[in-house]
Amino acid sequence: MPAGHGLRSRTRDLFARPFRKKGPTPLSIYLRTYKIGDYVDVKVNGSIHKGMPHKFYHGRTGRVWNVTKRAIGVEVNKQVGNRIIRKRIHVRVEHVQPSRCHEEILQRIKRNDELKAEAKARGEVISTKRQPKGPQTLASW
Amino acid sequence: MVFVKAQKSKAYFKRFQVKYKRRREGKTDYRARIRLINQDKNKYNTPKYRFVVRFTNQDIIAQIVSASIAGDIVMAAAYARELPRYGLEVGLTNYAAAYCTGLLLARRVLKMLEMDDEYEGNVEATGEDYSVEPAESRRPFRALLDVGLIRTTTGNRVFGALKGALDGGLDVPHSDKRFAGFSKDSKQLDVEVHRKYIYGGHVAAYMTTLMEDEPEKYQSHFSEYIKKGLEPEGLEEMYKKVHAAIRADPTVKKSEKQPPKEHKRYHLKKLTYEERKARLIERLNALNAAGAGDGDEDEDDE
């Protein structure tokens with residue numbers, strides 16, 4: 001008999017819980033709040049059977065476009081043939097983590113605002129632009 | 001002969017997954033906790049309050065708690081140990097005391113939120129099922145009953161505390177199936193029986209039975225009641241007074257006791273590395289001196 005291509009086919013290891021982390025999930029997962037526009041990582045928790053995304057989305061990062069009672073709507077990019085489609089899926093909160101991909105930018109924004117405020121107080125004009133790493137000088141060898 | 005086969009091998013320990021700490025301690029039911037804490041995501045940061053009732057051997061603890069990632073936050077708490085302040089000195093863990101504690105917590109919370117005038121609750125405890133009606137300006141304070149790990153049988157004291165909170169003016173979703181006096185056959189709450197329990201009628205009945213049949217047991221069992229001069233007939237009056245006193249002033253009273261400047265040590269202090277080394281040297285010296293008089297001197301530097 002052939003193998004079959006059901007919804008959860010080939011997910012024996014992908015959806016398995018990590019070693020010694022089986023059983024109840026930590027409660028902090030349920031206490032996190034998500035707002036529309038946040039970046040989230042989709043990571044399936046195999047012990048929660050409801051609201052699981054398809055295995056394709058495991059490991060993808062997307063933005064929140066909808067918040068319902070127990071689930072989050074996430075907008076993820078998927079390449080279909082020769083184009084990339086923005087796909088909207090709904091996922092229960094147990095399968096979602098806040099993403100740190102955006103963290104660096106948010107910190108930089110905060111820092112830059114502070115620097116600009118300080119510079120304004122001093123009366124200077126500063127540039128907060130990031131500079132690319134230039135060619136290495138002999139001194140740095 | 002030692003049975004070596006029964007031991008747990010190193011492999012066993014390497015693979016062993018411990019349960020959560022509070023589960024190991026047997027204090028938290030995580031399955032129930034998830035369901036109590038889980039807030040609708042489209043309500044974002046709105047707190048979901050639990051009305052926690054726990055019984056110890058000599059105390060009743062009633063708290064309003066909301067959960068957060070850093071740890072649960074207790075908004076207000078009431079203990080049965082505070083009831084002497086309102087005139088109830090004995091029987092601090094019975095159904096009637098649970099009612100008083102629940103009532104105290106409810107009035108305290110409402111006073112804290114300045115809702116106590118709007119939501120008087122049920123001033124005269126009749127024992128029948130009472131649910132708060134929403135007033136004009138604000139909706140009633142809603143909390144979910146958290147019983148913990150107790151078996152929810154009909155007539156359990158947690159439901160006494162629940163009734164106290166309901167009559168105090170809190171909105172706790174419930175049914176009257178588990179109140180004392182609910183009859184399984186008729187599927188109805190017997191209001192008279194419930195009212196009896198709220199005012200300690202069951203205790204009074206036992207007191208009169210013992211007084212007639214076994215006076216010695218009565219003396220030993222209800223010695224505190226006798227010392228305070230409480231008669232079975234006077235119990236209801238006393239509880240009515242306690243309820244009135246609670247409604248009059250439910251605010252927390254700070255205790256005048258100063259915290260001790262130095263904490264009492266309950267276990268031996270752990271020695272530092274130097275202290276342990278020094279102790280070892282002393283013991284070896286003592287051994288050498290006690291043993292053969294001409295022992296080696298090299299062992300001192302161990």
Side-chain angles (χ1 to χ4, degrees), chain A residues 13 15-53 57 62-76 88-100 103, chain B residues 8-54 63-75 139 142-149 173:
Chain A
D13 293 323
F15 285 179
R17 296 290 288 140
F19 180 58
R20 289 194 304 167
K21 294 242 167 68
K22 298 201 178 23
T25 52
L27 284 254
S28 54
I29 292 183
Y30 297 95
L31 292 170
R32 292 205 199 107
T33 55
Y34 297 95
K35 303 226 282 290
I36 294 180
D38 288 350
Y39 284 94
V40 292
D41 299 334
V42 175
K43 188 172 164 206
V44 173
N45 179 338
S47 61
I48 310 287
H49 305 140
K50 288 187 156 202
M52 256 197 212
Y57 299 102
R63 298 189 82 155
V64 177
W65 64 277
N66 187 19
V67 176
T68 67
K69 205 161 101 150
R70 299 273 182 249
I72 310 267
V74 184
E75 209 172 38
V76 176
R88 295 187 149 189
I89 54 171
H90 280 98
V91 181
R92 266 200 175 216
V93 296
E94 295 93 328
H95 309 292
V96 147
Q97 286 173 332
S99 180
R100 294 185 61 188
E103 184 181 303
Chain B
K8 294 182 208 152
S9 68
K10 194 162 165 201
Y12 170 83
F13 288 113
K14 281 185 152 201
R15 310 216 81 227
F16 187 79
Q17 180 186 337
V18 283
K19 296 184 164 44
Y20 289 155
K21 177 154 113 141
R22 287 214 114 215
R23 169 64 189 88
R24 276 178 276 140
E25 293 171 4
K27 289 183 183 171
T28 305
D29 172 6
Y30 278 99
R31 186 168 185 276
R33 190 175 151 86
I34 288 183
R35 283 155 177 77
L36 280 168
I37 283 178
N38 205 355
Q39 175 66 290
D40 296 355
K41 291 293 153 252
N42 44 11
K43 292 189 184 154
Y44 299 100
N45 278 322
T46 313
K48 201 166 191 178
Y49 295 106
R50 299 182 290 144
F51 170 46
V52 171
V53 185
R54 299 284 186 271
Q63 295 171 320
I64 299 281
V65 184
S66 69
S68 85
I69 294 186
D72 285 2
I73 302 170
V74 177
M75 196 169 139
R139 281 176 296 144
R142 194 184 182 92
L144 305 174
L145 180 64
D146 179 350
V147 294
L149 288 153

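Letters A, B, ... mirror the listed sequences (proteins, then strands); counts begin at 1.
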Examine distances only and state if a side-chain atom of Tyr20(B) and a backbone atom of Pro24(A) form a donor-acceptor pair shorter than 3.5 Å.
yes

Check: Gln17(B) side chain, Lys22(A) main-chain N or O, donor-acceptor pair, under 3.5 Å:
yes

Under 4.5 Å to a heavy atom of chain B? For Lys21(A) that would be backbone

Note: Ala67(B) and Leu31(A) closest approach over all heavy atoms is CB-CD2, 4.0 Å

With a cut-off of 6.0 Å (strictly less than), are more than 12 heavy atoms of other residues, nucleotides or ligands near CZ of Arg100(A)?
no

Verify the neighbour count for atom NZ of Lys48(B): are there more than 12 heavy atoms of other residues, nucleotides or ligands below 6.0 Å?
yes

Inter-residue atom distance Lys69(A).NZ - Lys43(B).NZ, 0.5 Å rounding
7.5 Å

Take a 6.0 Å sphere around CZ of Arg23(B) and say whether it holds more than 12 heavy atoms from other residues, nucleotides or ligands.
no

Is there side-chain contact between Arg70(A) and Asn38(B), with heavy atoms separated by less than 4.5 Å?
yes

Do Val93(A) and Lys41(B) touch side chain to side chain, with heavy atoms closer than 4.5 Å?
yes

Determine yes or no for a side-chain-to-main-chain donor-acceptor pair under 3.5 angstrom, with Lys35(A) supplying the side chain and Tyr44(B) the backbone.
no

Honestly, the part of Arg33(B) sitting under 4.5 Å from a heavy atom of chain A is both

Is the count of non-hydrogen atoms from other residues, nucleotides or ligands lying under 6.0 Å from Arg139(B) atom CZ greater than 12?
no

Got a second to check how far Leu27(A)'s CG is from Asp72(B)'s CG, nearest 0.5 Å?
8.5 Å

Given that the side chain runs from C-beta out, which part of Arg31(B) has a heavy atom under 4.5 Å from chain A: side chain, backbone, both or neither?
neither

State, yes or no, whether a side-chain contact exists between Gln39(B) and Tyr30(A) at a heavy-atom distance under 4.5 Å.
no

